[in-house]
Student: 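One structure, pasted below without further comment.
All of these numbers come straight from a predicted model, not from anything done at the bench. Naming convention: chains lettered A, B, ... in sequence-line order (proteins, then strands); numbering from 1 in each chain. These values consider heavy atoms only, across backbone and side chains, with no hydrogens, waters or symmetry-generated copies.
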Amino acid sequence: MSELLTITLPDGSARQVAPGTTPAQIAAAIGPGLAKAAIGARVDGELFDITRPLEHDARLALVTARDEADALELVRHDFAHVLAEAVQALFPGTQITFGPSTDDGFYYDFAPKDRPFTEDDLPAIEAKMREIIAADKPLRREVWARADLIARWQATGESFKAQWAAELPEGEELTVYWSGDDWFDMCRGPHLASTGKLDPAAFKLTRVSGAYWRGDQSNAMLSRIYGTGWLTKKQLDAHLTRLEEAAKRDHRKLGAEMDLFHLQSEAHGSVFWHPKGYRIWRELEAYMRRAIDGAGYREVKTPQVMDARQWEASGHWGKYRENMFVIPDEVPNTDDDGPVISGEADWMALKPMNCPAHVLIFRQGIKSYRELPLRMAEMGCCHRNEPHGALHGIMRVRQFTQDDGHIFCREDQIVDEVAQFCQLLDRVYKDLGFPKYAVKLALRPEKRFGSDEMWDKAEAELREAVERAGMATPEFGWEELPGEGAFYAPKLEFHLTDAIGRTWQCGTIQSDRVLPERLDASYIGEDGNRHRPVMLHRAILGTFERFIGILIEHFAGRLPTWLAPVQAVVATIVSDADDYAQHAVATLAAAGIRVESDTRNEKINLKVREHSLQKVPFLLVVGKREAEEGTVAIRRLGEQAQQVLPLAEALALIKAEATAPDLV
RNA sequence: GCCGCUUUAGCUCAGUCGGUAGAGCACAUCAUUCGUAAUGAUGGGGUCAGAGGUUCGAAUCCUCUAAGCGGCACCA
């Protein structure tokens with residue numbers, strides 16, 4: 001009846017097959033090995049069920065475990081479905097909603113019948129999932145008419161699915177996947193041929209959480225179950241090991257162990273920096289000061305509390321008031337029983353950001369175009385009353401200090417300033433041990449200030465600057481993110497990659513024409529008229545709190561010597577060496593090394609262990625021999641080998657590493 | 001803020017059926033002077049997160065509050 005299809009394989013060869021032939025049949029025709037290994041297909045580049053009939057001429061590539069990204073996508077998507085099937089089997093009346101694959105597994109959101117799921121439910125669900133996998137139920141794709149599908153969902157009490165089916169775009173083919181003959185889910189696919197293709201030992205349900213229907217806070221709270229899923233148990237085990245390794249780097253754990261800082265409920269969301277933690281801060285801050293001084297910034301310090309009218313003018317009061325710490329501009333009533341505030345108070349607010357204050361400094365006096373670009377910097381301490389659920393260690397806090405800066409410049413200086421900033425940031429990240437980072441451009445959001453022309457221009461400028469800085473390349477992971485910009489400006493984002501491959505957005509630069517307008521900043525141009533400057537908001541670290549947290553996790557606590565709170569410890573073996581140890585400490589300290597002595601009456605084994613756990617980069621062991629010879633036995637953190645050196649040479653060795661990279 | 005879980009000594013954690021609190025580490029004292037990841041002995045240390053309730057009796061059961069953890073949402 002119909003003509004044969006021409007299917008082109010990756011090696012360029014072509015096969016003529018009847019319409020309705022499946023990729024699985026073609027794999028079988030090629031060879032039994034491939035037939036066994038193939039779990040999916042790419043048809044004209046699109047991921048495709050291996051059992052789905054081909055209907056057109058196409059390029060076909062069979063997917064096996066070797067095509068890891070595709071294979072994992074298929075497998076994780078299937079695990080999500082098996083999870084949903086298992087939950088409905090164990091908890092009748094639970095509605096299914098949505099369950100995609102993720103970076104390391106899958107999740108599924110349910111509308112539970114009577115109570116949300118807890119972690120105690122997970123073992124039973126896992127067991128049921130294994131039953132479904134063992135049953136090797138075929139997964140079969142079917143196309144449904146929208147009305148039939150909605151009716152079906154309504155009949156089975158699946159109101160979320162019914163709503164979704166009703167709202168899917170016109171013209172989209174609605175497909176369902178059957179698991180055997182007794183369960184199905186609406187799904188775009190693709191899926192494996194049957195549940196038995198999954199490795200029952202290669203997944204694990206990891207946690208439960210709440211999640212809003214369609215990610216919208218105003219919608220119903222669903223109950224989400226997360227799992228991690230892989231092709232093999234070996235991959236799963238490797239993943240679990242990676243998680244354990246990441247947990248060992250947790251800055252909250254290391255911060256306590258290394259006595260760097262603490263948090264407590266009396267000031268939740270604000271950090272108590274201990275001497276050692278604050279030493280890291282001071283070194284980092286000193287480094288940043290040198291960096292911005294060298295880049296032509298002038299540092300300022302602005303008020304912590306400003307009148308609410310100022311925040312109204314800047315637009316923050318209207319948009320972010322809920323997240324600001326607001327203070328009545330009135331002396332509180334000290335009566336025990338009376339109201340704390342009487343009458344109508346005027347309001348002030350702790351600053352949630354530095355930019356309005358910087359505009360106020362800019363506005364002092366008349367500025368000439370000759371003074372631009374004017375680069376203003378501040379180690380600005382800000383407060384934001386973040387939602388409680390958002391707080392996380394020292395990474396997300398309510399009081400934080402930004403390495404903030406605002407460049408006031410003319411239109412024609414923007415591209416150059418942004419490109420220069422990119423260069424400064426590159427230097428800083430490399431100095432701080434992050435050679436790899438990605439650059440992204442966040443484009444206009446839906447809700448925004450300013451005209452489309454302004455946004456066109458602002459986005460184009462940032463794009464051009466990145467190109468000029470040589471960062472608009474795949475090496476920098478260059479991409480544009482529609483809708484992600486701030487309400488007043490597009491922003492360049494800089495995402496660090498840490499030692500275990502996680503990414504952290506830290507740096508940013510945004511070109512803002514809104515705030516200078518709102519706060520009436522102007523300069524006198526060459527033509528003698530008033531002009532609006534453009535304001536470039538920029539930060540490299542982001543905040544000191546978060547960046548130090550990232551440093552701790554990146555280095556697993558083993559900070560480079562120049563940042564380490566204690567750079568060396570002189571530890572004695574016998575008390576006869578105490579005097580010599582003090583001499584060694586004094587010698588190193590005089591050269592600016594942060595050094596401590598450990599003359600406790602303890603065994604050297606204990607001292608080595610403790611200072612190693614404290615991540616001290618250099619341990620200098622002195623016994624009778626060293627005291628007599630004027631040497632020290634150097635043991636570097638993480639190494640067992642020791643090197644006996646004259647004190648002066650040891651000092652030179654340590655000094656070389658204890659010097660900040662920009663001072664070398 | 002929302003969902004779930006958690007909160008017991010400075011830290012990490014046991015604590016069964018509701019019957020009045022335990023370990024290791026840390027700390028203190030004493031002994032030990034020792035060569036590269038934990039020397040030994042002895043001792044002190046608790047309003048079981050807070051408030052209320054049930055009960056003859058609550059670390060344990062219930063309610064509320066707070067904080068922490070994992071997510072969701074938020075992140076100027």
Student: Would you mind classifying the nucleic acid contact of A:D120 as base, sugar-phosphate or nothing, using non-hydrogen atoms under 4.0 angstrom?
Tutor: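 Nothing: the residue A:D120, judged by heavy atoms under 4.0 Å, touches no strand.
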
Student: In whole Å, I'd like the distance from the CZ atom of A:F261 to the P atom of B:rG68.
Tutor: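 It works out to 13 Å between those atoms.
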
Student: So what's B:rA38 paired with, Watson-Crick or G-U wobble, going by both distances under 3.5 Å?
Tutor: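 None - no nucleotide pairs with B:rA38, as no candidate has both distances under 3.5 Å.
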
Student: Counting only side-chain nitrogens and oxygens, does A:H392 get under 4.0 Å of the OP1 or OP2 atom of B:rG70?
Tutor: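 True: A:H392 side-chain N/O within range (under 4.0 Å) of B:rG70 OP1/OP2.
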
Student: Can you see which heavy atom on A:M535 is nearest to which on A:P516, and at what distance?
Tutor: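 It is CB-CG, 3.8 Å.
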
Student: Could you tell me the Watson-Crick or G-U partner of B:rA49, where both distances fall under 3.5 Å? Say none if there is no partner.
Tutor: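 Its partner is B:rU65.
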
Student: Determine which nucleotide pairs with B:rG43, using a 3.5 Å limit on both distances of a Watson-Crick or G-U wobble pair.
Tutor: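 Check on B:rG43: paired to B:rC27, both distances under 3.5 Å.
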
Student: Does any donor-acceptor pair link the side chain of A:Y212 with the base of B:rG71 at a separation under 3.5 Å?
Tutor: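 A donor-acceptor contact between them is absent.
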
Student: Among the candidates B:rA76, B:rG1, B:rG4, find the nucleotide nearest to the side-chain atoms of A:M324.
Tutor: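 The listed nucleotide nearest to A:M324's side chain is B:rA76.
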
Student: Between A:H268 and A:S223, which residue's closest nucleotide on RNA chain B lies nearer the 5′ terminus?
Tutor: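 Its nearest nucleotide lies further toward 5', so the answer is A:S223.
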
Student: Do A:R207 and B:rC69 have a side chain to base donor-acceptor pair shorter than 3.5 Å?
Tutor: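 No, no donor-acceptor pair under 3.5 Å.
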
Student: Is the distance between the ring centroids of A:F449 and A:Y488 under 6.0 Å?
Tutor: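 No, ring centres 6.0 Å or more apart.
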
Student: Rounded to whole Å, how long is the line connecting atom CG of A:L260 with atom P of B:rC11?
Tutor: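 Interatomic distance, CG of A:L260 to P of B:rC11: 17 Å.
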
Student: Rounded to the nearest angstrom, tell me the gap between atom CD in A:Q310 and atom P in B:rA76.
Tutor: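 To the nearest whole Å, that distance equals 20 Å.
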
Student: Reckon A:Y226 touches a base, only the sugar-phosphate, or nothing at all at heavy-atom distances under 4.0 Å?
Tutor: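 The residue A:Y226 makes sugar-phosphate contact but no base contact.
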
Student: Looking only at side-chain N and O atoms, does A:H316 come under 4.0 Å of OP1 or OP2 in B:rA76?
Tutor: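 Looking at the OP1 and OP2 atoms of B:rA76, neither is under 4.0 Å from any side-chain N or O of A:H316.
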
Student: What is the separation between atom CG on A:D598 and atom C1' on B:rC34, rounded to the nearest whole Å?
Tutor: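 Taking CG of A:D598 and C1' of B:rC34, I get 14 Å after rounding.
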
Student: Give me syn or anti for B:rC48, where syn covers glycosidic angles within 90 degrees of 0.
Tutor: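 Here the answer is anti: the torsion falls beyond 90° from 0.
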
Student: Centroid separation under 6.0 Å, is that true for the rings of A:F106 and A:H77?
Tutor: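 Ring-ring flag for A:H77/A:F106: false, centres at least 6.0 Å apart.
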
Student: Is the distance from OP1 or OP2 of B:rC69 to the nearest side-chain N or O of A:R252 less than 4.0 Å?
Tutor: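 It does, given that an N or O in the side chain of A:R252 lies less than 4.0 Å from OP1 or OP2 of B:rC69.
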
Student: Testing A:V595, A:V569, A:L588 for side chain to side chain contact (heavy atoms under 4.5 Å, CB included) with A:L620, which one passes?
Tutor: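 Exactly one pass, corresponding to A:L588.
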
Student: Given the C1' atoms of B:rU60 and B:rU16, what is the spacing between them in whole Å?
Tutor: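 11 Å, rounded to whole Å.
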
Student: Just to be sure I understand the rule, does A:G215 reach a base, reach only the sugar-phosphate, or reach nothing, if contact means heavy atoms closer than 4.0 Å?
Tutor: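 The answer is sugar-phosphate, as A:G215 gets under 4.0 Å only of primed atoms, P, OP1 or OP2.
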
Student: Can you tell me the base-pairing partner of B:rU60? Count Watson-Crick or G-U wobble geometry only, both distances below 3.5 Å, and say none if there is no partner.
Tutor: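 With both distances under 3.5 Å required, B:rU60 matches none.
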
Student: In whole Å, measure the gap between the P atoms of B:rA31 and B:rG15 for me.
Tutor: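 Straight-line distance between the two P atoms is 40 Å.
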
Student: What's the closest nucleotide to the side chain of A:S265 if the choices are B:rC75, B:rG4, B:rA67?
Tutor: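 For the A:S265 side chain, the nearest candidate turns out to be B:rA67.
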
Student: From B:rG68, B:rG4, B:rC72, pick the nucleotide closest to the side chain of A:P116?
Tutor: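 Looking only at heavy atoms from C-beta outward on A:P116, the closest nucleotide is B:rG4.
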
Student: May I ask you to say whether A:R502 pairs ionically with A:E245, meaning some side-chain N is under 4.0 Å from a carboxylate O?
Tutor: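 Judged by the 4.0 Å cut-off on N to carboxylate O distance, A:R502 and A:E245 do not form a salt bridge.
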
Student: Determine the interatomic distance between C1' on B:rA73 and the same-named atom on B:rU20; round to the nearest Å.
Tutor: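 That atom pair is separated by 45 Å.
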
Student: Just do the salt bridge (Lys or Arg N to Asp or Glu O under 4.0 Å) check on A:K440 and A:E479 with the steps written out, would you?
Tutor: CA-CA 5 Å; A:K440 323 238 176 230; A:E479 62 174 327; 2.6 Å; yes

Student: Give the rounded distance in Å between these two atoms: NZ of A:K351 and C1' of B:rA76.
Tutor: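 Checked: the NZ to C1' distance equals 14 Å.
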
Student: Starting the side chain at C-beta, find the nucleotide from B:rC34, B:rA76, B:rA73 nearest to A:V574.
Tutor: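 Comparing B:rC34, B:rA76, B:rA73 against the side chain of A:V574, the answer is B:rC34.
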
Student: Give me the distance, rounded to whole Å, that separates B:rC17 from B:rC74 when you measure between the C1' atoms they each carry.
Tutor: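 Roughly 46 Å separates the two C1' atoms.
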
Student: Using a cut-off of 4.0 Å on non-hydrogen atoms, how would the nucleic acid contact of A:K624 be classed: base, sugar-phosphate, or nothing?
Tutor: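 The answer is base, as A:K624 lies within the cut-off (heavy atoms under 4.0 Å) of a base atom.
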
Student: Taking B:rC56 as the reference, what is the distance to B:rC72 when you measure between their C1' atoms (whole Å, please)?
Tutor: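 Looking at atom C1' only, B:rC72 and B:rC56 are 46 Å apart.
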
Student: Heavy atoms under 4.0 Å, any strand shown: does A:S209 hit a base, just sugar-phosphate, or nothing?
Tutor: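 If one applies the 4.0 Å heavy-atom cut-off, A:S209 turns out to touch a base.
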
Student: Given the C1' atoms of B:rU8 and B:rG50, what is the spacing between them in whole Å?
Tutor: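 These two C1' atoms come out 14 Å apart once rounded.
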
Student: Could you identify the nucleotide paired to B:rU55, looking across every strand shown and requiring Watson-Crick or G-U wobble geometry with both distances under 3.5 Å?
Tutor: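 Paired with B:rU55, as far as the under-3.5 Å criterion goes, is no nucleotide at all.
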
Student: Could you give me the CA-CA distance, side-chain angles and deciding distance for A:D520 and A:R363, then say whether side-chain contact (heavy atoms from CB on, under 4.5 Å) is met?
Tutor: CA-CA 8 Å; A:D520 193 25; A:R363 280 178 33 155; 3.9 Å; yes

Student: Distance to the ring centre below 6.0 angstrom and angle to the axis at most 45 degrees; does that hold for A:R224 and A:Y107?
Tutor: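 Pair A:R224/A:Y107 counts as cation-pi.
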
Student: Taking the six-membered ring of A:W230 as reference, does the cationic atom of A:R76 (NZ for Lys, CZ for Arg) lie under 6.0 Å from its centre and within 45° of its axis?
Tutor: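 Judged by the rule (NZ or CZ under 6.0 Å from the ring centre, within 45° of its axis), A:R76 counts as positioned above A:W230.
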
Student: Quick one: look up who B:rC13 pairs with, Watson-Crick or G-U, both distances under 3.5 Å, and put none if it's unpaired.
Tutor: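 Its partner is B:rG22 (Watson-Crick or G-U wobble, both distances under 3.5 Å).
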
Student: Do A:K447 and A:F487 meet the cation-pi criteria used here (NZ or CZ under 6.0 Å from the six-membered ring centre, within 45° of the axis)?
Tutor: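 No.
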
Student: Nearest whole angstrom, please: distance from the C1' of B:rC69 to the CE of A:M395.
Tutor: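 Nearest whole value for this atom pair: 15 Å.
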
Student: Starting from C1' on B:rG1, measure out to OH on A:Y320 and report it in whole angstrom.
Tutor: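 That distance rounds to 17 Å.
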
Student: When you compare B:rU54 with B:rU63, how far apart are their C1' atoms, in angstrom units rounded to a whole number?
Tutor: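 Taking atom C1' in both B:rU54 and B:rU63, they lie 11 Å apart.
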
Student: Look at atom CZ of A:R309 and say whether more than 12 heavy atoms of other residues, nucleotides or ligands are closer to it than 6.0 Å.
Tutor: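 Incorrect, the count does not exceed 12.
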
Student: Taking any strand in view, what nucleotide pairs with B:rG70 in a Watson-Crick or G-U wobble way, both distances under 3.5 Å?
Tutor: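 The answer is B:rC3, by the H-bond criterion.
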
Student: Between A:R398 (CZ) and B:rA76 (C1'), how many Å, whole number?
Tutor: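 Checked: the CZ to C1' distance equals 17 Å.
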
Student: Reading nucleotides 36-44 of chain B 5' to 3', which nucleotides get B (base under 4.0 Å from a protein heavy atom), which S (sugar-phosphate only), which -?
Tutor: BBBB-----

Student: Write down the distance separating the C1' atoms in B:rG4 and B:rU47, rounded off to the nearest Å.
Tutor: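 Each nucleotide's C1' atom is 29 Å from the other's.
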
